[in-house]
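One structure is given below, encoded as structure tokens.
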Amino acid sequence: MIRTIAKKEFLENVLSRKFLLAFILAVIILGTGVFAMSSAYKEKKDWYDTQLSDLEQTLENGTSGYSEIAQVETFTELQKPEALSTLISGQQAVQTGLGEVGTMLREASGTAGTSYTSPLWDRFGMLDLTFIVGTLMSLMAVIFSYNSISGEKENGTLKLTLTNNVPKDHVLLGKYIGGTSSVLLPFVLSMLLALSIVALAVGIPFSSADGIAIGVLVTIGCATISAFYLLGMLVSCLTKRSAISLLMCLFIWIFLVQGVGNVASLTATATTPGMNYDEYRTEYLSIAQQAMGGYGRENFSTIQQQLNALTTEFRMQQEAQLNTALSVSIISPAESYRNIAQALTGLSWAEGEHIQEQVSDYTSALSNEYRAWQAEQRENQGGENFPGQGGFFGTSTGSSENFSSTLSLGDYYQPWGLDERLGSVTNDLVAIVMFNILIFVAAYVAFLRYDVR
Amino acid sequence: MAEPMVKIKNLVKVFEDGTRAVDGANLEIQKGETFALFGPNGAGKTTMVHLMLDFIPPDKGSIKIAGIDALRHPLEAKKHIGLIAESAKLYEIFSARRNLRYFADLSGKKISDKEIDRVLAMVGLSNVADRAVGKFSAGMGRRLVVGVGLLKRPDLLILDEPWTALDPEGAVELSKLLSQLKKKEKITMLISTHDIFQAHKIADRIGIMVKGKIRKIIKASKVKDVESLYLKTVGVAK
């Protein structure tokens, strides 16, 4: 029975015009989005290669400070373009991060005086996988399911169906399976098409790890779309008329897709007030300028401690706000999917923090090595002249020798694997699964009580 | 005496707003009999049909269909029932044949393609069997709904306002079809309708329902002026 109903539901949807529309839209939006992001990827790759070459040239020309070495190392590892950025847009957390690593990266970018990001993408954004799942397909799912029950009631086919030896739960399950499959079909097909464009036409190589991440992203995307389909079914079970069901579905969809993010942000800022980014930057630069302006070596560690304390305070406040916002946003499967997609592509705040710690460890070790080298230089030169005296970030003037390090960022820096990335978004994964289960149960209860007359 | 096809005893349904839609209704329909249930709007005809089909639960009373307690075992009872629902439209995107196939598969009985062809012929839709139902006229659509009701060769065919939304030609056509079914298939039929004239032509017995109660049950052959009987019973004429 379930199979019969599922097959009917699937065919009825697939043969309809709305399916054709969904398929065309998904193909066009994902296709053009991926094509645009592939171009951005190539643009970034070119920029990265040029910048890297410039930075390496700087090193070859000789440096007596450790910050230039750190800049090159962090730039090489952290700015490397990711193939997955052709599907998910966003800035790596560390790029927007603050503190030492952020400063070094900004300085590294400033060295060449350019940026890889196009103002077009900043202004208009990119239609990536999170848009396809969280906006387009979620809307399609709701449009496919809003009349799944109320529409059949209006046509009288629900009565005809239930006059047979068919339990109501079989009807609901069959409609869910068939209906969801019909919405997932254009999504999966357009994904395959987009991946083919990226891999074959544009020639961007995906690693096996990327392949697994894409598989997980598509699977969770299907669960997200299913959640919205169930939502439409639930509303359909609660209303007698399709028109009312459609209106209710659209209101709920707008709230979940567009409203929850704002509600989450407002809740976070209301519950965890503190300094904003501009205030933090002003304070940070003020302390740094004091250091540049002629403080003696004896004050260096005090200033460094002040900067670290300020940064730590700001980051903790930001983290608290972010955690609050994320906790609120899990009520929306679309937001949860965005969080998961960002995490799986290494763009999450949590991974940024992880990288920050590792890079800090590296720069500390590099700094210690540099100080040891300075001391050795002083000894060799009889204490008359030592490099690094006037530079806050360890850039030196007046050295006769260049500093070279035996340390490599690769010894400290390990990006997260898939399991760690998934682990960081467990709440969102559970939220999507629970959303599916709870809404199905609610739809089931509503359908049992549904007045089929 | 043989078990009646339908046995309803003291059936009561009170809606949330306090309306006693069915108020102690009693009814027996024998196998092979065609019973027409008349009544004004709000008399409780359709509610009684819905109670028989387990669409809503009763507050009191019992319903037996083909000897099965329909309130305790609704799915079992439904195996014996075919429904021709009021104003039902089938899936417009599918052909008549595919629609029948779908409901045949839902019936739980093994219904062959040959049987579907037989039903299509019976309702006069063989020549348009593969045409999308969305392109059917109202009359053709109605005939197809009758086909759905007949598909599983039910012991009891319930017709809820079968002549609604049909033009006079379509109404006569449907009446002919139902008369044929009565003669050839010997199906028990319960017709709930406002159309007293069409139903009177087919029915063996007539029941008139007023305010949730079946006020009068009479053999159709004994009724010469069905309109007068109806108006008197519902209290419009003396």
Side-chain angles (χ1 to χ4, degrees), chain A residues 1-22 143-144 147-175 177-179 182 237 240-242 445-453, chain B residues 15-16 21 46-47 49-57 73-95 98-109 132-134 141-142 144-149 151-152 154 156-158 160-161 164-165:
Chain A
M1 293 295 178
I2 294 173
R3 195 162 156 258
T4 303
I5 295 168
K7 188 179 161 192
K8 188 279 295 175
E9 198 72 12
F10 179 80
L11 285 174
E12 197 186 9
N13 282 340
V14 166
L15 295 173
S16 69
R17 285 181 189 160
K18 59 187 176 185
F19 175 85
L20 191 66
L21 181 71
I143 287 175
F144 271 63
N147 63 349
S148 56
I149 302 297
S150 55
E152 292 233 15
K153 177 192 161 76
E154 283 174 333
N155 287 338
T157 43
L158 191 59
K159 277 184 189 175
L160 295 179
T161 301
L162 291 173
T163 304
N164 289 293
N165 180 22
V166 190
K168 277 186 168 180
D169 54 340
H170 286 208
V171 175
L172 198 71
L173 198 59
K175 287 179 92 59
I177 293 169
S182 64
C237 289
K240 289 179 181 174
R241 292 185 177 192
S242 298
V445 172
F447 189 50
L448 284 184
R449 297 164 59 90
Y450 193 69
D451 188 351
V452 299
R453 293 173 296 154
Chain B
F15 287 120
E16 284 172 5
T46 301
T47 303
V49 167
H50 289 159
L51 288 165
M52 291 171 74
L53 290 163
D54 186 44
F55 290 166
I56 43 171
H73 310 288
L75 292 179
E76 273 301 307
K78 283 179 189 179
K79 284 180 184 171
H80 300 270
I81 304 174
L83 172 70
I84 296 172
E86 182 187 3
S87 309
K89 294 172 193 166
L90 296 179
Y91 301 106
E92 294 189 346
I93 210 157
F94 296 144
S95 67
R98 185 175 275 284
N99 266 291
L100 290 183
R101 181 75 264 164
Y102 172 63
F103 285 104
D105 291 343
L106 278 189
S107 71
K109 291 182 177 175
V133 170
R142 205 84 198 111
L144 187 61
V145 173
V146 174
V148 170
L151 255 181
K152 58 183 178 185
L156 171 67
L157 185 63
I158 298 176
D160 189 14
E161 301 292 356
T164 302

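Naming: A, B, ... by sequence-line order, numbering from 1 per chain.
- Between atom CZ of residue B:F103 and atom CG of residue A:L160 there is a gap of 5.0 Å, rounded to the nearest 0.5 Å.
- Both the backbone and the side chain of A:I5 come within contact range of chain B, each with at least one heavy atom under 4.5 Å from a heavy atom of that chain.
- When B:I56, B:V145, B:V148 are compared by the number of non-hydrogen pairs under 4.5 Å with chain A, B:I56 comes out ahead.
- Of the atoms belonging to B:I93, it is side-chain heavy atoms, and not backbone ones, that fall under 4.5 Å from chain A.
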Are there donor-acceptor pairs under 3.5 Å across chain A and chain B? List atom names and distances.
| residue | atom | partner | partner atom | Å |
| --- | --- | --- | --- | --- |
| A:E152 | OE1 | B:Y91 | OH | 2.6 |
| A:E152 | OE2 | B:Y91 | OH | 3.1 |
| A:N155 | O | B:K89 | N | 2.6 |
| A:K159 | NZ | B:H50 | NE2 | 3.4 |
| A:L162 | O | B:K78 | NZ | 2.7 |
| A:T163 | O | B:K152 | NZ | 3.4 |
| A:N164 | OD1 | B:K152 | NZ | 3.1 |

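- Looking at B:F55, the atoms closer than 4.5 Å to chain A (heavy atoms on both sides) sit in the backbone and in the side chain alike.
- Both the backbone and the side chain of B:L90 come within contact range of chain A, judged by heavy atoms closer than 4.5 Å.
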